[in-house]
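Single-structure report; data block below.
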Amino acid sequence: MKKFLVINIILIFTLGILSSKATPVFIEKIDLKIKGKELAIVFLPFKECKSFLLVTKRENILINLIKPNSKKIYKYLKQFNVNKLDNIYNVKELSFGLVSEQSQINIINEKNLLIINYLTHNFCIYQSNNKRNFKECDYIYLLSSNHNVQIDNDQQLILYSKLNKKFLEKIYDRYNDSYYIDPNNYTIIKLNQQSYQIIDVPYKN
């Protein structure tokens, strides 16, 4: 009888664990803890995943591929304790390369390919379905859903927010590092001179 009772208690406890849903932990303030020459690229949680915050020890830069919601931007920046933006780049208005002397960030807009150059890294954002060579890109964020887009083996990391099944299969078959950008999270990529780190932080509406 005791054994049966113990088994029942264990079973009830186990079922309780299995039936409970994992609850995400929301953080009120996010400290990026930038060290030395690190660069953090923060994907802000818009549905389109088309606004990015660049943070170094010296400056904060906001990049918008489309017109953003100002109230939401303010809310996001506040969560990262960003009280001042040194530069705001609206890509549609950016037709030439921009250089930041303070942190050595170069931003170049080349026909649907936005290149963020920092130290030894080229982080690229591609917005087209057309074929293109990506040899200059170490990390690439693909906004296209066309599986005909050609990419090679030079990229260390492929990021995506919405791609079709055939293209995803191609990425999984050929690349070790690929990552889904969830519009419900802050996705943070931290780059130093040698490598990168990805951090996902749940966002609470």
| note | For Ile66, the side chain to side chain contact (heavy atoms under 4.5 Å, CB included) test, sequence neighbours excluded, returns Glu48, Lys50

| Got a sec, which residues hit side chain to side chain contact (heavy atoms under 4.5 Å, CB included) with Asn117, two or more places apart in sequence or on another chain? | Asn106, Asn122

| said: Classify the ring geometry of Tyr139 against His121: parallel below 30°, tilted from 30° to 60°, perpendicular beyond 60°. | reply: tilted

| request: Identify the heavy atoms of Pro183 and Pro45 that sit nearest to each other, and give their distance. | output: O-CB, 3.2 Å

| query | At their closest point, which heavy atom of Ile30 faces which heavy atom of Asn81, and how far apart are they? | reply | O-ND2, 4.4 Å

| request: Using the side-chain contact (heavy atoms from CB on, under 4.5 Å) rule, take Ile198 and Leu157 through it: C-alpha gap first, then chi angles, then the decisive distance, then the call. | output: CA-CA 10 Å; Ile198 299 179; Leu157 177 67; 3.8 Å; yes

Roughly how far, to the nearest 0.5 Å, is the [atom2] atom of [Y] from the [atom1] atom of [X]?
X: Tyr118; Y: Leu54; atom1: OH; atom2: CG; answer: 10.5 Å
X: Asp138; Y: Thr120; atom1: CG; atom2: OG1; answer: 7.0 Å
X: Asn64; Y: Phe52; atom1: CG; atom2: CZ; answer: 9.0 Å
X: Asn83; Y: Asn60; atom1: CG; atom2: CG; answer: 9.0 Å
X: Glu59; Y: Leu39; atom1: CD; atom2: CG; answer: 9.5 Å
X: Leu85; Y: Leu62; atom1: CG; atom2: CG; answer: 5.5 Å

Taking the side chain as everything from C-beta on, heavy atoms only, tell me whether [X] gets closer than 4.5 Å to [Y].
X: Val42; Y: Thr187; value: no
X: Leu119; Y: Lys37; value: yes
X: Ile105; Y: Asn87; value: no
X: Ile125; Y: Leu65; value: yes

| Where at least one partner belongs to residues 178-190, residue pairs that pass salt bridge (charged side-chain N to carboxylate O under 4.0 Å, His left out), sequence neighbours excluded | Glu38-Lys190

| remark: Residues pairing under salt bridge (charged side-chain N to carboxylate O under 4.0 Å, His left out) where one sits in residues 60-70, two or more places apart or in two chains, turn out to be none

| message | Would the distance check show the side chain of Ser51 and the main-chain N or O of Leu44 forming a donor-acceptor pair, the cut-off being under 3.5 Å? | response | no

| request: For Asn69 and Lys71, indicate whether the former's side chain and the latter's backbone hold a donor-acceptor pair under 3.5 Å. | output: yes

| said: Run the side-chain contact (heavy atoms from CB on, under 4.5 Å) test on Tyr126 and Tyr141 for me, step by step, so that the C-alpha distance in whole Å, both residues' side-chain angles and the decisive distance to 0.1 Å come before the verdict. | reply: CA-CA 6 Å; Tyr126 191 55; Tyr141 173 44; over 6 Å; no

| field | Verdict with supporting geometry, Ile189 and Leu159, side-chain contact (heavy atoms from CB on, under 4.5 Å) | value | CA-CA 11 Å; Ile189 301 174; Leu159 302 119; 3.6 Å; yes

| Which is it for Leu114 and Ile108 under the side-chain contact (heavy atoms from CB on, under 4.5 Å) test, yes or no, and what are the steps along the way? | CA-CA 6 Å; Leu114 186 72; Ile108 304 164; over 6 Å; no

| hydrophobic_cluster_shared for Tyr74 and Leu32, side chain cutoff 4.5 Å | no

| request: Decide if atom OH of Tyr180 counts as having more than 12 heavy atoms of other residues, nucleotides or ligands within a radius under 6.0 Å. | output: yes

| request: Go through the structure and list residues passing salt bridge (charged side-chain N to carboxylate O under 4.0 Å, His left out) with Lys84, not counting sequence neighbours. | output: Asp86

| remark: Residues at least two apart in sequence or cross-chain that pass ring pair (Phe, Tyr, Trp, His ring centres under 6.0 Å) with Tyr186, listed by chain then number, are Tyr76, Phe80, Tyr203

